[in-house]
Amino acid sequence: MSERGICHCGKNILLMNKHNRDLHLRSCKKRKNCVSNVTIQKFFIVSGSKDNLTKKPALTEKSFIGINNSKDTIALDTIEALQNVVDDIPSCSFSTESVLPGNYLKSKYLYDYLLKYINYFFIFDFNISDKDTIALDTIEALQNVVDDISSCSFSTESVLPGNYLTSKYFDSNGSSIISIHNEVTSNFERYPALVNSSEITNEYLSYMISIGPCQPLASNIPGKSFPKRKQNNIFRSFHDTYYYKMLPDKSTVKRTWVSYSPSIDRVYCIVCKLFGTTKGKTNSLSREGTNDWQHISTRLNEHESSIDHLNSVIRYSMYVKNNRVDVNDLRLTSNTKVAENRETVKVIIEIIIYLARQNIPFRGHDESVNSLNRGNFLQLVKLLSHHHPILSHHMAKIDNSIKKNRLTFLSNVSQNTLIHILGEIVRKNILTSVAKAGKFSVIIDTTTDVACLEQFSMILRFVDESGHIKERLVALEVVDDSSGRGMFNLFCNICSTYGLNWKSNLIAQSYDGAASMQGQYSGVRTLVQQQNPRAIYVWCFSHVLNLVVVDTCDSCKETRNFFGNIQSLKEFMRARKRTALFLEYQKKFYPDKRPLRMKTFSTTRWTSHHRSLFVIFEKFKAIVATLEDFSESIDRLCSSTANNLLKNITSFSFVTVMFLMNKIFDITTPLSTYLQTPSNDYIQALTMVDIADQRLSKLRTQESVDTILQESKKFSVKNELDEIEFPKIRQRKRKRMDDENNSDEITNSPVDYFRTNVYFLCIDKIKVSLTVRFKDARNIMKDLSFLSYERLMKVSNGDVVPKDTFDSLKTWIPEIDKDSIGMEYRNFAMSFQKLQSGICPEQLHDEDVLISENTSDEDDSIINSEMDDEDIVHNSSKKMVSPTQIFELLNSFKLASAFPNLYIAYKSLYTIPATSVSSERSFSKVKLVKTRLRSTIGQGRLEGLLLLSCEKDLSDKINIQEVIDKLANKSTILKKALMFK
């Protein structure tokens with residue numbers, strides 16, 4: 001091989017494509033004659049001297065083709081590393097020398113190595129004159145070198161700093177030469193800085209056209225970004241948007257002449273460099289490129305409109321048109337198109353995930369090209385195309401196409417397919433976590449959507465690998481038969497479809513109080529327990545508490561009239577003019593507070609009674625002023641209704657009942673809010689119910705009645721009401737007949753009547769209702785009470801554990817070893833005092849802990865103390881240690897292997913759902929997604945959108961490339977457009 005890549009026959013092999021180069025190297029007779037006269041030492045001599053055998057050869061600018069000012073640092077590093085390998089190979093002891101004699105091995109390997117990986121791409125001055133017989137099978141020789149180099153210890157670490165050579169150019173298997181070859185062939189061949197404009201042949205033009213311009217994206221650059229330069233005190237860099245030009249109609253076309261060289265961070269005009277006239281090849285963009293990123297847009301626009309560039313483009317177009325088609329060119333073009341399609345689909349998938357997470361409608365009423373509003377999906381695609389060149393090019397191609405585009409990735413079919421794939425990926429992640437958890441619970445509920453279809457929501461509750469409780473939506477189906485048998489069959493079908501072994505792994509179920517769900521004979525609960533008796537049933541605590549509140553509101557005549565008046569007031573204030581006047585009075589009397597509207601309440605909406613009462617309590621003066629205005633109306637119906645309402649709500653009886661119900665709701669509403677959290681556990685939820693019961697017990701005192709009356713009187717005086725106390729009841733006198741000795745009728749005072757027939761009656765009613773309605777929950781608690789914090793502390797203090805303590809647990813969880821868990825329980829209880837600092841040391845004091853079982857004497861002393869209700873809640877929550885915290889303690893100290901049976905027991909307890917609130921949340925999402933304007937949405941699309949919306953944390957972790965691959969496998973056309981060849 002002679003100077004500058006010229007073969008011994010006079011041809012420049014660097015200007016040939018790969019196929020022609022291989023053919024020429026194998027067939028050139030002059031080259032073979034020179035090879036037969038090579039000496040082994042010449043392989044290590046660059047430009048002459050034998051002294052360079054162990055000396056690092058000097059790299060000069062003349063060593064490369066077309067490298068301007070030696071700035072191509074990547075090429076320099078590669079050559080430097082290659083020469084270092086050449087220096088080190090003579091000192092290596094090859095393991096195959098026993099197979100091939102003497103220097104034949106080294107000469108054979110080194111000649112092919114140097115020939116293919118140095119002289120093949122870069123120009124060294126080797127003088128070959130050895131008589132050794134050299135094999136020409138470079139591929140086999142290369143593999144042998146790779147196998148042998150892996151056992152050699154190189155000394156090049158002294159030449160290059162640190163492990164630069166071994167880390168960058170050699171992997172653990174010694175396959176360094178192949179990686180160097182791939183790097184050289186994949187990157188350097190198309191770098192515009194390496195193109196020598198003075199030596200261009202027809203073969204070289206064909207080859208350069210086949211590989212196309214060098215237009216890497218930011219994701220292809222090391223560091224995932226283009227290098228930045230400080231220009232005019234601002235750091236600027238190249239951007240891939242410069243590969244495209246925006247036309248006056250806002251469409252974009254690709255600049256096939258722009259070629260970026262990552263090695264020297266410059267932009268060239270590859271068309272002028274290859275096809276330009278003599279003058280065109282001398283312009284700056286062709287000769288030396290530019291890195292003036294501050295004025296890059298101006299430079300590109302000026303250049304592409306210049307006469308020289310236009311001439312170059314015309315010559316390029318004529319050459320391409322008259323040139324034959326290369327198979328490699330077709331393959332490269334196809335892969336380029338696939339890469340653009342995948343990038344386009346990636347953006348579309350991200351748009352779909354965003355719209356689904358935010359419950360935003362996709363489609364528009366008119367999605368035609370001439371529509372001003374084509375829907376959120378297409379409008380968002382259009383918006384992002386302004387900032388994404390590949391998507392902009394895709395949209396321009398669709399808009400400018402005369403024929404109907406077969407693949408746009410924007411149709412409703414494509415949307416449904418992608419939504420289905422995304423939903424299935426989310427569901428697959430959920431089912432994988434459930435399978436790893438083993439045991440799970442199920443939460444089921446139904447609701448009627450806007451299209452009058454009965455939606456069946458199924459939630460799974462389980463403990464994930466990190467020890468956190470999860471409640472995940474796995475299915476949303478339409479149920480045709482809303483009976484218990486129909487919903488049970490649908491439940492079995494869902495479990496069978498998704499591989500859920502509910503007959504063995506289902507340990508609990510939670511529903512609302514509907515007869516079809518908890519019916520004793522044909523409810524879902526009964527049908528499940530017939531095949532899996534271990535699936536204990538929990539009546540949703542939130543539903544039960546709501547029934548307790550409803551019982552309290554209807555406990556006496558005064559409370560019924562009170563909420564009846566509130567409901568009538570809400571209906572009266574619904575009119576537009578009345579609401580406007582109410583808002584005006586709020587601004588007048590409460591200028592610094594946010595205006596409120598009257599709230600609707602019902603027996604099925606949790607805490608709705610308290611929300612309605614809150615508005616009246618906070619805006620009482622504005623309500624009175626509004627009613628006074630409308631009582632003077634000329635409309636007799638309006639005037640009469642307003643007058644009656646005004647009389648009722650300004651009475652002292654109404655005010656006292658309002659303060660009473662506020663006191664009760666201040667206890668029940670926080671409890672209802674807590675029960676709606678998905679992370680609570682069964683014992684903790686029941687504990688909070690007991691705390692609420694204790695706070696209600698504290699209200700049943702004469703002092704509390706007097707407090708209510710005093711606050712009511714202050715409120716009446718503040719709002720200037722006519723009644724500031726109960727009206728006196730006139731004593732009735734009966735006519736006395738002759739010889740009759742009966743005295744006059746004795747009546748109670750209004751205060752006594754309120755205390756006995758209203759106040760105490762309401763408190764007693766809610767306490768009894770709490771006891772009766774949570775009775776079944778306490779029966780379950782009896783079998784699991786040994787897992788509570790109080791029992792642990794008693795055992796740690798020396799209490800004996802009864803022999804039958806774990807009988808019910810063994811029946812519920814057959815995997816538990818009854819004998820082993822007894823020993824584990826006692827050992828853990830004895831060690832718990834030492835481990836409890838892992839929860840919160842300052843909060844663990846066993847003498848004051850409130851528990852969900854029988855109330856201790858210490859608890860009574862706390863309740864009967866002088867603390868107010870807020871102090872009780874604060875101290876109770878502060879001193880309680882829940883089973884959840886104990887389970888987290890076992891996890892944090894890695895005690896699952898030390899106490900395996902106890903760990904399973906706490907994990908199973910944590911899996912029991914206290915409420916079915918998660919299914920109600922899924923129905924809230926259904927109302928946001930399937931609205932009146934979207935009532936015809938398909939069930940598959942609805943389920944996919946709901947999975948993405950409800951499980952936001954999982955939708956954030958979706959692998960976009962996996963989605964594209966799944967989409968590509970849907971059809972042959974998609975596979976051709978989205979899969980690389």
Rounded to the nearest 0.5 Å, how far does [atom2] of [Y] lie from [atom1] of [X]?
X: Cys495; Y: Asn501; atom1: SG; atom2: CG; value: 9.0 Å
X: Ile912; Y: Ile469; atom1: CD1; atom2: CD1; value: 10.0 Å
X: Arg427; Y: Leu431; atom1: CZ; atom2: CG; value: 7.5 Å
X: His543; Y: Ser672; atom1: NE2; atom2: OG; value: 10.5 Å
X: Leu945; Y: Gln415; atom1: CG; atom2: CD; value: 9.5 Å
X: Gln379; Y: Asn376; atom1: CD; atom2: CG; value: 8.0 Å

Heavy-atom closest contact ([X] atom, [Y] atom, distance):
X: Val345; Y: Ile964; value: CG1-CG1, 4.0 Å
X: Ser919; Y: Ile443; value: OG-CG2, 3.9 Å
X: Arg461; Y: Asn680; value: NH2-O, 2.7 Å
X: Leu473; Y: Ile430; value: O-CD1, 3.4 Å

Among residues at least two apart in sequence or on other chains, which ones pass side chain to side chain donor-acceptor pair (under 3.5 Å) with [X]?
X: Arg342; value: Gln961, Asp965
X: Asp366; value: Ser368
X: Ser414; value: Ser411
X: Asp956; value: Arg357

Does a side-chain heavy-atom distance below 4.5 Å link [X] with [Y]?
X: Asp480; Y: Val478; answer: yes
X: Val434; Y: Leu500; answer: yes
X: Val528; Y: Val442; answer: no
X: Val474; Y: Tyr498; answer: no
X: Ile421; Y: Lys970; answer: yes
X: Arg472; Y: Leu954; answer: yes
X: Trp812; Y: Ser908; answer: yes
X: Asp445; Y: Tyr511; answer: no

>> Could you walk me through whether Asp512 and Ser916 satisfy the side-chain hydrogen bond (donor to acceptor under 3.5 Å, both in side chains) test, starting with their C-alpha distance in whole Å, then the side-chain angles of each, then the deciding distance to 0.1 Å, before giving a yes or no?
In response: CA-CA 7 Å; Asp512 58 11; Ser916 61; over 6 Å; no

Taking the six-membered ring for Trp and the single ring otherwise, decide whether the centroids of [X] and [Y] are under 6.0 Å apart.
X: Tyr243; Y: Phe238; result: yes
X: Tyr674; Y: Phe541; result: no
X: Tyr906; Y: Tyr910; result: no

> Cation-pi between Arg941 and Phe362: NZ/CZ under 6.0 Å from ring centre and within 45° of the ring axis?
Replying inline: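 Flagged: Arg941 positioned over aromatic ring of Phe362.
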
> Yes or no on side-chain hydrogen bond (donor to acceptor under 3.5 Å, both in side chains) for Thr446 and Glu454, after CA distance, side-chain angles and deciding distance?
Replying inline: CA-CA 6 Å; Thr446 60; Glu454 192 77 6; 3.1 Å; yes

> Can you say whether the rings of Tyr260 and Trp293 are parallel (under 30°), tilted (30 to 60°) or perpendicular (over 60°)?
Replying inline: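 The rings of Tyr260 and Trp293 sit tilted, inter-plane angle from 30° to 60°.
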
>> Please verify the inter-ring angle class for Phe488 with Phe491; under 30° counts as parallel, over 60° as perpendicular, anything in between as tilted.
In response: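 Geometry flag for Phe491 against Phe488: tilted rings.
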
>> If we check side-chain hydrogen bond (donor to acceptor under 3.5 Å, both in side chains) with Gln455, which of these qualifies: Gln939, Glu943, Glu477?
In response: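 That would be Gln939; it is the only one of Gln939, Glu943, Glu477 passing the side-chain hydrogen bond (donor to acceptor under 3.5 Å, both in side chains) with Gln455.
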
> Would you say the side chains of Asp464 and Ser433 form a donor-acceptor pair under 3.5 Å?
Replying inline: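 Judged by distance alone, the side chains do not pair up.
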
> Do you see a donor-acceptor pair shorter than 3.5 Å between the side chains of Gln676 and Ser542?
Replying inline: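 Judged by distance alone, the side chains do not pair up.
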
> Is there a donor-acceptor pair under 3.5 Å between the side chain of His393 and the backbone N or O of Glu340?
Replying inline: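 Side chain of His393 to backbone of Glu340: no pair is present.
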
> Checking Ser371 side chain against Asn373 main chain: does a donor-acceptor pair fall under 3.5 Å?
Replying inline: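 Yes, the answer is positive, given that a donor and an acceptor are paired below the 3.5 Å cut-off.
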
>> Tell me every residue that passes salt bridge (Lys or Arg N to Asp or Glu O under 4.0 Å) with Glu367, counting only those two or more places apart in sequence or in another chain.
In response: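 Salt bridge (Lys or Arg N to Asp or Glu O under 4.0 Å) list for Glu367, sorted by chain: Arg363.
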
> Restricting to pairs with a member in residues 380-401, which pass salt bridge (Lys or Arg N to Asp or Glu O under 4.0 Å), not counting sequence neighbours?
Replying inline: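 Residue pairs passing salt bridge (Lys or Arg N to Asp or Glu O under 4.0 Å), neighbours aside: none found.
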
